[in-house]
K.L.:
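Here it is: the structure, laid out below.
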Number of protein chains: 2
Amino acid sequence: MLLSKTCTYGLLATLFVASQKGERDYVPIREISRQLNISFHFLTKILQRLTTHNIMNSYRGPNGGVRLAKTPDEISLMDIIQALDGNKIFEGCVLGLPGCGESTPCPLHQSWSQSRDIIIHSFMSANLANMSQEIQKGNLRISGMENWFTRKDD
Amino acid sequence: MLLSKTCTYGLLATLFVASQKGERDYVPIREISRQLNISFHFLTKILQRLTTHNIMNSYRGPNGGVRLAKTPDEISLMDIIQALDGNKIFEGCVLGLPGCGESTPCPLHQSWSQSRDIIIHSFMSANLANMSQEIQKGNLRISGMENWFTRKDD
DNA sequence: TATAATTCAGACTCTTTTATCTTTAATTTA
DNA sequence: TAAATTAAAGATAAAAGAGTCTGAATTATA
């Protein structure tokens, strides 16, 4: 698992909000929760963290919810991943060796650096604008089979 | 964290055993534990799993310990990783979507597949023979600064 | 045979992650 | 102003991962 659950939920929710059409300002968390089949309270916490990182804005009361804090092309997947998982995924040695580096590499250092750079690059270059376009066209999917059913809880 | 702690400890211990010189048959777990600064009991469990997966052989009593069950060139890092972390790391969608695949990809599907293939390839092509060679030559390091000190526990 | 060295096996604890539940605060609308 | 809707905040619980502890089984050696 490269990304935590928190992080994948956050990515999905943000993509969901970004690909909403209509003049509506804020999307209620409960609606996101139902559509993506994610626990409402858990999702609330995740979105709170995204608002403190200035990726989302939130608003309370009727017609409240969350919305993107910037234009979609200004938010990369990397921004969201770093806000929720930090950058401990991307820095440091695969084997967890403290002294691992270019001068004294661990056995996996070279191949891992190469893979990691590709991953980082794709996370940075993917932003909400180009992704939500693909989602709206139906070329990409945000939710799986699980939302044929509705959540029982919350 | 791509690999669990269990897995990185297992990799290090196996590399340590593979790069031992001398005519000695079995390497005591306690010695591995001390050299790599890994909790003895925890390491014991990990190595037990590697013996059940036929990567290590073990022997009890004085002069006992563990040794490789095959020749070093027959054991790849991938073997060890799969034995300890399974292949849940390598299969499935980064975002955890059940229906994600070539026909209905999630937003990260393409870039993740590419990165993942590189990682898998480097894990499969790296075996204990070529790595322990590098370790013995001093080009690669298996342990960090932490083993300048000895463990207090166990 | 007694003792020491070693892995094996299981229960147990601690920490982090994931998830749920309850209450409070803000906001709109009737 | 009262009621309904919504996010915020905090307490709690459940599950998994990481690590510890104790005792039993096996083996070599004195």
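These figures come from a predicted structure and were not determined experimentally. Reminder, nothing fancy here: chain letters follow the sequence lines and each chain counts from 1.
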K.L.:
Could you give all pairs that pass the salt bridge (Lys or Arg N to Asp or Glu O under 4.0 Å) test and reach residues 2-18 of chain B, with sequence neighbours left out?
P.N.:
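Non-adjacent pairs meeting salt bridge (Lys or Arg N to Asp or Glu O under 4.0 Å): zero.
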K.L.:
Select base, sugar-phosphate, or nothing to describe what Tyr26(A) touches, counting heavy atoms under 4.0 Å on all strands.
P.N.:
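No contact at all - Tyr26(A) keeps every heavy atom at 4.0 Å or more from the nucleic acid.
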K.L.:
Taking side-chain hydrogen bond (donor to acceptor under 3.5 Å, both in side chains) as the definition, give me every residue that meets it alongside Ser76(B), ordered by chain and number, with sequence neighbours left out.
P.N.:
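Per chain and number, Ser76(B) pairs via side-chain hydrogen bond (donor to acceptor under 3.5 Å, both in side chains) with Asp79(B).
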K.L.:
What side-chain hydrogen bond (donor to acceptor under 3.5 Å, both in side chains) pairs are there with at least one residue in residues 84-95 of chain B, not counting sequence neighbours?
P.N.:
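Qualifying pairs: Ser4(B)-Asp85(B).
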K.L.:
Which residues satisfy the salt bridge (charged side-chain N to carboxylate O under 4.0 Å, His left out) test with Glu74(B), sequence neighbours excluded?
P.N.:
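In terms of salt bridge (charged side-chain N to carboxylate O under 4.0 Å, His left out), with neighbours along the sequence ignored, Glu74(B) is linked to no residue.
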K.L.:
Report the residues that fulfil side-chain hydrogen bond (donor to acceptor under 3.5 Å, both in side chains) with Tyr26(B), sequence neighbours left out, ordered by chain and then residue number.
P.N.:
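Only Arg67(B) meet the side-chain hydrogen bond (donor to acceptor under 3.5 Å, both in side chains) criterion with Tyr26(B).
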K.L.:
At a heavy-atom distance below 4.0 Å, what parts of residues 44-53 of chain B sit against DNA chain C?
P.N.:
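Heavy-atom cutoff 4.0 Å gives Lys45(B), Gln48(B).
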K.L.:
Among all residues two or more places apart in sequence or in another chain, which pass the ring-ring contact (aromatic ring centres under 6.0 Å, His included) test with Tyr9(B)?
P.N.:
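Tyr9(B): ring-ring contact (aromatic ring centres under 6.0 Å, His included) contacts with Phe42(B).
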K.L.:
Show me the side-chain donor-acceptor pairs of residues 45-57 of chain B shorter than 3.5 Å, one per line, residues at least two apart or across chains.
P.N.:
unit_1, atom_1, unit_2, atom_2, d
Arg49(B), NH2, Leu84(B), O, 2.9
Thr51(B), OG1, Gln48(B), O, 2.6
Thr52(B), OG1, Arg49(B), O, 2.8
His53(B), ND1, Arg49(B), O, 2.9

K.L.:
Using a cut-off of strictly less than 4.0 Å between a heavy atom of the residue and any atom of DNA chain D, enumerate the qualifying residues of residues 6-15 of chain B by number.
P.N.:
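Thr6(B), Tyr9(B) - these, ordered by number, are the residues of the stretch whose heavy atoms sit under 4.0 Å from the strand.
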K.L.:
Residues two or more places apart in sequence or in another chain: which of them pass side-chain hydrogen bond (donor to acceptor under 3.5 Å, both in side chains) with Glu31(B)?
P.N.:
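So Glu31(B) forms a side-chain hydrogen bond (donor to acceptor under 3.5 Å, both in side chains) with Arg24(B).
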K.L.:
Which pairs count as salt bridge (Lys or Arg N to Asp or Glu O under 4.0 Å) when at least one residue sits in residues 126-138 of chain A, sequence neighbours excluded?
P.N.:
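For residues 126-138 of chain A: Glu134(A)-Lys137(A).
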K.L.:
Using a heavy-atom distance cut-off of less than 4.0 Å, which residues of residues 62-69 of chain A contact DNA chain C?
P.N.:
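Output list: Pro62(A), Asn63(A).
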